[in-house]
Protein chains: 2
Amino acid sequence: MSRAGFENRHDAVLEAIGREITHGDLAPGDTLTLEHIQNRFGVSRTVARETMRILESMGLVTSRRRVGITVQDAAAWNVFDPRVIWWRLDGNGRDTQLRSLTELRVAVEPLAASAAARNASAEQRTRVVELGARMRGLGERGLLADFLDADVAFHTLLLEASGNEMFAALADVVAAVLRGRTQLGLMPRQPVPEALDAHENVARAVAAGQDRRAEDAMRALLGEVREAMVPPDTGQLSLD
Amino acid sequence: MSRAGFENRHDAVLEAIGREITHGDLAPGDTLTLEHIQNRFGVSRTVARETMRILESMGLVTSRRRVGITVQDAAAWNVFDPRVIWWRLDGNGRDTQLRSLTELRVAVEPLAASAAARNASAEQRTRVVELGARMRGLGERGLLADFLDADVAFHTLLLEASGNEMFAALADVVAAVLRGRTQLGLMPRQPVPEALDAHENVARAVAAGQDRRAEDAMRALLGEVREAMVPPDTGQLSLD
DNA sequence: CCCGATTTAATGGTGTTACCTTTCGATTCA
DNA sequence: TGAATCGAAAGGTAACACCATTAAATCGGG
């Protein structure tokens, strides 16, 4: 019955302050006190303290005696912490976060595809081909919502099949980027044929265990993102 | 005066339990209770609770009423959390962690070099060339300790100069891999000339702002890690 | 009278204890 | 088999002593 995701008091406070810091509403050097937080959110000192400890462990604040809780500079943040990523993705940090994540995708996904070609299970190999075909079908029929789901599943599968748990840990984030990009209208209304081909190329290479080809195909799929990332003016960038 | 790093009670408990989980001494599904922790470490309930909150925020445990604190499966861990990485790097997880990180380096560093060629400041450009030259001097004279320091500085600089804060956040980890690898005797006693050339190639490309060349040079520098990662038998892999 | 050094006092996190509430697995009983 | 009950353990509140830190106040020497 509680508001989505805010199971306990901590989450509410954490969410609020985490957002404020990552969105820049609280600037580095600003200080809070536990009492401040208690009053503002109507929570006990215990809750305030435990929340601060979590924020501290994410690198968003430091806590010192007599001085209070100090907001840290962005350089100290655990920028790979999923919550930090989410917060930055829907606040002021969105722009740099999207750029960073896209660049990270360009770095990681080709290697993940390569690793998947070596390490994927039999089921994963058949599934990746299925998903490639499914994307073609949905894409050609213009069923964008379903197409997006398949796209997310495709990239998630490869990251997980890579056998590298650090790659796999990026799956949720990549999904968020794909979805967020569509929401923002950065995608063409109908997937371009090249994108469909590219996905099927990757799928075939992975299924066949050809790691080098899978890597190259994924790199082709991600396209010339270097140029695409600078000007978001043309509606034709299809860098999934 | 306190023992390195264990400033407060939390850190001691966190360190101990975090290690036990990431090292596999505590298996997924195992449960603890706060009382258990209080007794074992002689700390108050508050400290036990706050420590658990941090572990929970790292995905290492979940806490449920009536059931206690349950150790999570590795799939739920925040594998990018620096502390999780450190712990895995000096325990049972070392092997998979080193492989994962090396694969991550191969993915990220070429793109970081490319980005650095585009975004580095004037000072950073001159410094990267200096470091390349310094590595040659030290390498040829066989001053391994200093060479390693310069090597770490070189890779750190590029990651930071990339302008991508997620790349920059990996600097400490890359440094740990470089140092750890040397400690483990995985490096040749004298840097091979190819490695020295490779570093200077990267440095020159970055300094000249040639992103494509910097990317390729870094990829060459990292070498054919795919093969090198499988058998650690030959002492000749120089994949920095 | 001014400035640096030393003492003092206020502040706010650290750590502890005690207590009540809520949840939910397990036991019991129909 | 299923429903009512019990109780273990976390969730949450409150009040405390403690102590590191900082800033103000005081003091002393030039």
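In what follows, every chain begins at residue 1, and chains take the letters A, B, ... in the order their sequences are listed.
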I need the [atom1]-[atom2] distance between [X] and [N], as an integer number of Å.
X	N	atom1	atom2	answer
A:N39	D:dA14	CG	C1'	15 Å
B:R45	D:dA15	CZ	P	19 Å
A:F41	D:dT13	CZ	P	14 Å
A:E56	C:dG13	CD	P	11 Å
B:L34	D:dG11	CG	P	7 Å
B:I69	C:dT23	CD1	C1'	15 Å
A:H36	C:dG13	NE2	P	11 Å
B:Q38	D:dA9	CD	P	12 Å

Indicate whether OP1 or OP2 belonging to [N] is found under 4.0 Å from a side-chain N or O atom of [X].
X	N	value
B:R64	C:dG25	yes
B:R9	C:dT16	yes
B:R49	D:dG12	no
B:H10	C:dG15	yes

- Message: Ring-plane angle category for B:F80 and A:F80, please: parallel below 30°, perpendicular beyond 60°, tilted otherwise.
- Response: parallel
- So with a 6.0 Å cut-off around CZ of B:R83, is the heavy-atom count from everything else above 12? yes
- Query: With nearest nucleotides of DNA chain D determined for A:T46 and B:L32 from heavy-atom distances, which residue corresponds to the more 5′ nucleotide?
  - Reply: B:L32
- Item | Whichever of A:V67 and A:E50 has its nearest DNA chain D nucleotide further upstream toward 5' | A:E50
- Item | Check: B:R66 side chain, C:dA26 base, donor-acceptor under 3.5 Å | no
- Record whether the side chain of B:R65 comes under 3.5 Å of the base of D:dG12 through a donor-acceptor pair of N or O atoms. no
- Query: Got a salt bridge between A:E130 and A:R134, using NZ or NE/NH1/NH2 to carboxylate O under 4.0 Å?
  - Reply: no
- Judged by modelled atom types alone, do B:S57 and B:R53 share a side-chain donor-acceptor pair under 3.5 Å? no
- Query: Shortest non-hydrogen contact from B:N119 to B:S162?
  - Reply: ND2-O, 2.9 Å
- Query: The side chain of A:V47 lies closest to which of these nucleotides: C:dG25, C:dG13, D:dG12?
  - Reply: D:dG12
